[in-house]
Number of protein chains: 2
Amino acid sequence: MRQTTPPPPAAIDAWARLQRASGAVLARVETRLKADGFPPLGWYDVLLELSRAEDKTLRPVEIEKRMLLAQYNVSRLLDRLAGAGYIEKLKSPEDGRGVSVRLTSEGDALLKAMWPSYQAAVEAEFTKYLEPGDAETLWSVLGRLVP
Amino acid sequence: MRQTTPPPPAAIDAWARLQRASGAVLARVETRLKADGFPPLGWYDVLLELSRAEDKTLRPVEIEKRMLLAQYNVSRLLDRLAGAGYIEKLKSPEDGRGVSVRLTSEGDALLKAMWPSYQAAVEAEFTKYLEPGDAETLWSVLGRLVP
DNA sequence: TTCATCTTAATGCAGTTGCATGAAAAGGAG
DNA sequence: CTCCTTTTCATGCAACTGCATTAAGATGAA
């Protein structure tokens with residue numbers, strides 16, 4: 001007798017697994033960073049965006065768009081980063097409402113210090129489990145979700 | 001002259017995109033659920049696990065494992081669900097420390113009421129952007145990350 | 001110019017999460 | 001049994017997030 005083939009996983013299963021997997025792996029990476037004495041990943045992400053930007057400077061609204069964060073979360077995250085001395089807030093020269101945020105040398109140093117730990121964490125909790133080609137596959141499929 | 005091929009995206013790029021994409025899509029789905037007047041997805045997930053369980057009943061520690069949540073988050077999530085009447089907490093018959101959590105009929109009703117909204121949200125914010133085979137591909141690759 | 005509208009950023013408050021700890025029962029070695 | 005370790009669940013407190021609102025400057029139509 002013929003074996004019944006299992007039904008193909010529907011999109012909803014892929015959705016559920018996407019949420020579970022990315023959440024779990026993120027938690028593990030954050031745990032490793034913290035164990036190494038570093039601040040949360042969100043801090044790293046802001047510093048990285050700034051380090052790549054012209055003059056190491058960005059407007060908060062730009063950070064908001066690049067990191068896909070809510071406006072008030074950006075505002076407070078920048079507060080914390082400024083309080084810790086990793087960025088500095090300047091009055092925006094071209095927009096009276098605006099703020100300009102610049103990476104400080106301390107921020108740049110933190111970025112460089114965190115990188116090995118971050119890289120090792122991603123390797124241990126993510127890359128290690130992938131098979132050849134998986135990274136490209138993921139990158140390509142997920143790219144359709146964030147245009 | 002030969003065109004230089006772009007470097008293949010490294011695992012770290014796949015990691016970054018995984019976090020961005022899953023976070024962004026999750027936020028959009030949650031926004032739709034809320035717009036329809038429903039509680040957060042976490043509530044749905046607990047109710048769903050209970051509905052699938054023997055006697056519609058689970059121990060908190062089981063929910064913790066299935067949902068990959070921290071223990072204190074489960075404890076408080078169950079508090080809220082019990083407060084809203086969607087589950088009831090019973091003393092575990094076989095374990096004096098333990099609690100047993102059972103889905104109430106109100107909880108079952110909420111589950112059924114949320115499903116169409118949830119399904120539509122996932123369709124609109126996730127499935128819609130996928131191409132044929134993507135769901136299976138994602139499911140398979142992500143499966144390696146949560147053994 | 002003038003005024004209504006949009007954009008940028010901050011903040012008070014309530015709800016949620018993370019961390020550390022504690023209480024109580026189960027499990028297990030001797 | 002006795003004692004030590006482990007498991008299960010709750011909670012005080014601090015930090016963070018979401019929501020709603022506010023303030024202030026930019027933008028653009030008339």
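Protein chains get the first letters and strands the later ones, always in sequence-line order, with residue 1 at the start of each. Both backbone and side-chain heavy atoms feed into the values below; hydrogens, waters and symmetry mates do not.
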Go through C/dA9, D/dT11, D/dT8 for me and flag the one nearest to the B/Asp95 side chain.
-> D/dT8
B/Gln71 side-chain proximity, nearest of D/dG18, D/dC9, C/dA9 | D/dC9
To the side chain of A/Arg80, which of D/dC16, D/dG18, C/dA26 is closest?
-> D/dC16
Is there a donor and acceptor pair, one atom on the side chain of B/Arg76 and one on the base of C/dG15, closer than 3.5 Å?
-> no
For residues A/Ile87 and A/Val101, report the shortest heavy-atom separation together with the two atoms involved.
-> CD1-CG1, 3.5 Å
Would you call the rings of B/Trp115 and B/Tyr44 parallel, tilted or perpendicular if under 30° counts as parallel and over 60° as perpendicular?
-> parallel
Most 5' of B/Ser75 and A/Leu77 on DNA chain D, judged by nearest nucleotide | B/Ser75
For B/Lys89, report the nucleic acid contact type (base, sugar-phosphate, nothing); a contact means any heavy atom under 4.0 Å.
-> sugar-phosphate
Does a side-chain N or O from A/Lys34 land closer than 4.0 Å to OP1 or OP2 of C/dC19, or not?
-> yes
Partner of B/Trp15 under side-chain contact (heavy atoms from CB on, under 4.5 Å), chosen from A/Leu138, A/Val29, A/Leu130, A/Thr127 = A/Val29
Classify the side chain of B/Arg97 versus the base of C/dG27 as yes if they form a donor-acceptor pair under 3.5 Å and no if they do not.
-> no
Nearest non-hydrogen partners of A/Thr104 and A/Gly85, listed with the distance | OG1-O, 2.7 Å
Between B/Arg59 and C/dA26, is there a side-chain N or O to OP1/OP2 distance below 4.0 Å?
-> no
Candidate nucleotides D/dT8, C/dG18, C/dT8, ranked by approach to the side chain of B/Asn73 - the nearest = C/dG18
